[in-house]
Amino acid sequence: MATDKIALTSSMRSNLLSLKNTQSLLDKTQDRLSTGYKVNSAMDNPSSYFTAQSLNSRADDLSTLLDSIGQAISTLEVADEGITTLQEFVEQAKSIANSARDTANVASKAVSENVTFNSATAKTDLLTDLVANAAAGDNFTIRLGDATTMEGTSNVSADQTLEQIGIDEDGVIEMIVGDKTYEFTFTAAASGITDATVDETTGVTKQSFGIDTTLEDFMSEVVYTVGRKVLNAEVKEGKLTFNTLDNSSLVIRSTADFDSGKTAQAAAINGATTAKFATGNATGATSVSGASIDITVNGQVQKVDISEFIDPTTGALVAGGDTGATTLKAVVEKINSTLGSEGIVAQVNGTNLEIYNKNNTATKPTVALTKGVINGGTGGNVTADASVAAAAAAAAVSTNFNKVFGFDEGYTVTITEGMTVEQFRQAVDGLEGISADFDSKGHMVISGEQGDDMVLADSGDGNFIKSLLGGNVVSATNGSNERAKYAEQFDGVLDQIDQLVQDTSYKGINLLNGDDLTVVFNESRTSTLELKGVTFNATGLGFTTSEAEWKDNENIDKSLDQITKATSLLRAQASEFGQNLSTVQIREDFTENMINNLQTGADKLTLADMNEEAANMLALQTRQQLGINSLSMASQAAQSVLQLF
């Protein structure tokens with residue numbers, strides 16, 4: 001059966017086709033007007049579409065890089081701000097150093113107001129004839145520093161027991177606070193803390209502590225005994241510290257050593273001239289080499305060279321005191337500084353050298369000596385005395401309260417038999433940082449040269465200081481150590497420099513703390529700028545902390561030289577960062593313009609002319625209306641048939 005068809009006239013079909021084409025053009029024009037593009041897909045114009053897509057893709061890639069470039073600029077700006085602040089800190093340090101350079105310390109002084117001497121006869125006048133109650137064997141201590149404070153150097157914790165820290169029974173300390181004396185004795189564990197009692201004869205307050213007492217309880221009890229308004233005790237940054245609250249002078253001394261429980265291998269090494277540590281020809285000799293103390297622990301031999309302490313003309317230890325004790329102490333210091341980190345500890349016991357292993361007290365080191373060789377010289381033929389290396393029996397290691405906690409007891413001066421006034425003056429004057437001389441009235445003036453407080457106190461039953469200076473404890477606080485205060489401020493600035501550098505970070509990149517940064521300028525990563533970081537903490541700038549509290553001009557000048565060099569470094573780096581910042585900003589501007597050009601080029605290929613499309617729309621709408629009217633006219637012929645009905 002044939003499909004029915006509707007018969008249209010030729011004019012109607014022509015009008016319908018025209019309307020269809022017009023509608024298609026209207027749809028396309030409406031699409032362009034709504035999207036703003038004349039090329040919306042590859043079907044519209046393959047060449048323009050894909051070219052524009054490529055340009056837009058590159059613009060997008062550069063936009064991402066533009067964000068990265070902006071972050072690099074921020075990183076550089078942070079670093080530049082950091083350098084500016086560092087320059088301000090360096091200027092502050094310079095101001096402090098210059099102020100210290102222009103300031104002189106005022107020496108603290110103690111004067112023998114009640115005793116006068118004749119400087120002309122001081123070489124023959126006996127000290128004990130002129131100072132009442134003075135006798136050979138009397139001794140006293142001189143300590144420089146804060147007269148009201150004693151701070152330890154050992155790391156301790158308040159919850160440790162005295163035994164755990166290193167205190168053993170039978171130790172005794174003397175604490176002098178102002179004009180009052182306290183004696184604290186350490187006893188066996190479980191013996192507890194006794195009540196404080198006052199010796200009616202001497203006026204000394206006495207108290208004992210079991211070695212299982214915690215440091216916290218020890219401090220609390222001592223403060224209670226002395227007086228809470230007089231004395232304070234605390235563990236500050238791991239260091240035991242005592243200080244007076246009423247500005248009284250403070251002295252803490254160990255008056256009795258105790259057995260620490262450790263054993264040491266003792267070596268009969270002393271300063272006697274019969275002990276020869278080297279072989280060779282002595283006359284005209286210039287040096288000694290190869291002499292060493294050999295310490296064996298757990299099968300390992302550690303050699304400590306002592307050649308520098310041997311007199312090449314005698315082959316013996318350099319003279320130092322009656323028994324060479326001064327030199328022997330220098331040997332001990334070298335052993336401790338060389339092997340201390342490995343647990344090897346040396347100390348002087350009379351004329352013997354004692355060495356023990358603090359990490360394993362059950363394992364006793366053995367000590368031997370390697371003879372040195374005398375270099376140069378002709379004749380003499382010094383030979384070595386093998387007995388110097390002979391090991392004595394194991395000895396108990398003794399110590400004291402002040403050594404355990406690291407308190408500075410200062411210097412000890414002993415009145416010897418037949419000591420003249422001049423010999424005494426020289427003995428005091430020879431102490432580091434201390435001078436002694438006579439004033440115009442014949443009074444002896446003992447001074448702390450650098451302005452530190454000076455505390456002088458009799459030891460034991462002696463009363464030399466009391467007779468010479470008028471008090472059992474003399475606290476000379478009339479000095480002024482202004483340079484030390486400036487040095488402390490200078491070191492504080494260096495600490496601030498370190499902290500600032502740590503804070504000068506942006507998104508994890510710190511150009512002032514050694515980090516590098518690579519800035520990428522194109523999508524293929526072939527155009528870059530390498531930003532090299534620097535380490536500008538105090539050490540990186542060449543600073544060291546103030547030396548010797550800036551007591552000497554040379555110490556301050558050293559810091560001023562460091563400031564000059566640091567200033568030059570900062571200025572040079574600021575210039576380099578400034579150039580880098582300028583370069584990155586120029587590339588940022590270029591990239592922004594490049595993105596704009598790429599997007600403009602893509603738009604030229606794909607964007608529609610809205611004026612033209614609007615005109616087209618109006619024309620097409622008119623054309624559509626005319627087409628409808630034409631179709632209506634064409635259909636009127638067919639409609640005339642209806643009149644027949």
Side-chain angles (χ1 to χ4, degrees), residues 150-177 181-197 204-226 231-243 250-266 297 332 336 339-349 354-365 394-409:
M150 291 196 71
E151 181 177 352
T153 58
S154 304
N155 285 313
V156 295
S157 174
D159 58 2
Q160 289 179 291
T161 65
L162 298 175
E163 185 177 22
Q164 289 172 335
I165 294 171
I167 302 296
D168 211 332
E169 58 185 285
D170 299 329
V172 182
I173 64 169
E174 178 184 56
M175 181 179 289
I176 307 174
V177 183
T181 301
Y182 304 84
E183 184 180 277
F184 301 112
T185 304
F186 303 106
T187 56
S191 58
I193 302 174
T194 64
D195 293 333
T197 59
V204 175
T205 301
K206 298 184 178 182
Q207 191 173 18
S208 65
F209 296 84
I211 57 176
D212 55 350
T213 303
T214 65
L215 181 58
E216 180 72 35
D217 290 342
F218 171 74
M219 291 188 297
S220 177
E221 191 66 28
V222 169
V223 168
Y224 181 81
T225 298
V226 176
L231 184 69
N232 177 63
E234 62 180 325
V235 175
K236 184 167 56 177
E237 296 181 355
K239 319 296 183 186
L240 175 59
T241 301
F242 288 96
N243 66 282
L250 177 64
V251 175
I252 300 176
R253 294 188 296 217
S254 300
T255 58
D257 290 347
F258 54 83
D259 182 353
S260 69
K262 300 180 175 69
T263 58
Q265 181 71 32
V297 182
V332 165
N336 289 336
L339 302 177
S341 61
E342 300 178 26
I344 304 301
V345 179
Q347 64 182 29
V348 177
N349 184 7
E354 292 182 351
I355 300 173
Y356 68 93
N357 179 5
K358 72 175 182 180
N359 292 338
N360 184 358
T361 57
T363 302
K364 181 179 63 179
V397 175
S398 62
T399 186
N400 59 47
F401 181 90
N402 282 33
K403 287 184 178 179
V404 168
F405 288 100
F407 288 123
D408 178 18
E409 290 185 334

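The analysis underlying the following values was restricted to heavy atoms, covering all of them including side chains, and did not include hydrogens, waters or symmetry mates.
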Enter the distance from [X]:[atom1] to [Y]:[atom2] here, rounded to the nearest 0.5 Å.
X	Y	atom1	atom2	value
Asp212	Leu162	CG	CG	8.5 Å
Thr255	Ile173	OG1	CD1	8.5 Å
Leu240	Ile165	CG	CD1	7.5 Å

List in chain and number order the residues that pass side chain to side chain contact (heavy atoms under 4.5 Å, CB included) with [X], two or more places apart in sequence or in another chain; answer none if no residue qualifies.
X	answer
Ala188	Glu169
Gln207	Phe184, Ile193, Thr194, Ala196, Phe209, Glu221, Thr225
Asn400	Ser254, Asp257, Asn402, Lys403
Glu216	Ala158, Thr214, Met219

### Parallel, tilted or perpendicular: ring planes of Phe218 versus Phe242, cut at 30 and 60 degrees
perpendicular
Shortest non-hydrogen contact from [X] to [Y]?
X	Y	value
Gly192	Thr187	O-OG1, 4.4 Å
Met175	Ile252	CE-CD1, 3.8 Å
Ser191	Gly210	OG-CA, 3.4 Å
Met150	Val251	SD-C, 4.0 Å
Gly152	Phe407	N-CE2, 3.4 Å

Donor-acceptor pair, [X] side chain versus [Y] backbone, under 3.5 Å?
X	Y	answer
Lys239	Thr153	yes
Asn232	Asn243	no
Ser154	Val404	yes
Thr161	Gln164	yes

### Query
Under a 4.5 Å cut-off applied to non-hydrogen side-chain atoms, are Tyr182 and Val222 in contact?
no
### Message
What I'd like to find out is whether the side chain of Glu151 reaches to under 4.5 Å of the side chain of Asp408, using heavy atoms alone.
### Response
no
### Task
Just do the side chain to side chain contact (heavy atoms under 4.5 Å, CB included) check on Thr213 and Phe186 with the steps written out, would you?
CA-CA 10 Å; Thr213 303; Phe186 303 106; over 6 Å; no
### Message
Checking Phe258 against Thr399 for the side chain to side chain contact (heavy atoms under 4.5 Å, CB included) test, could you report, in this order, the C-alpha distance in whole Å, the side-chain angles of both residues, the deciding distance, and whether it holds?
### Response
CA-CA 6 Å; Phe258 54 83; Thr399 186; 3.3 Å; yes
### Query
Pairs in or reaching into residues 156-168: which pass salt bridge (Lys or Arg N to Asp or Glu O under 4.0 Å), with residues at least two apart or in two chains?
none
### Message
Holding to salt bridge (Lys or Arg N to Asp or Glu O under 4.0 Å), I want the full list of residues that pass it with Glu174, two or more places apart in sequence or in another chain.
### Response
Arg253
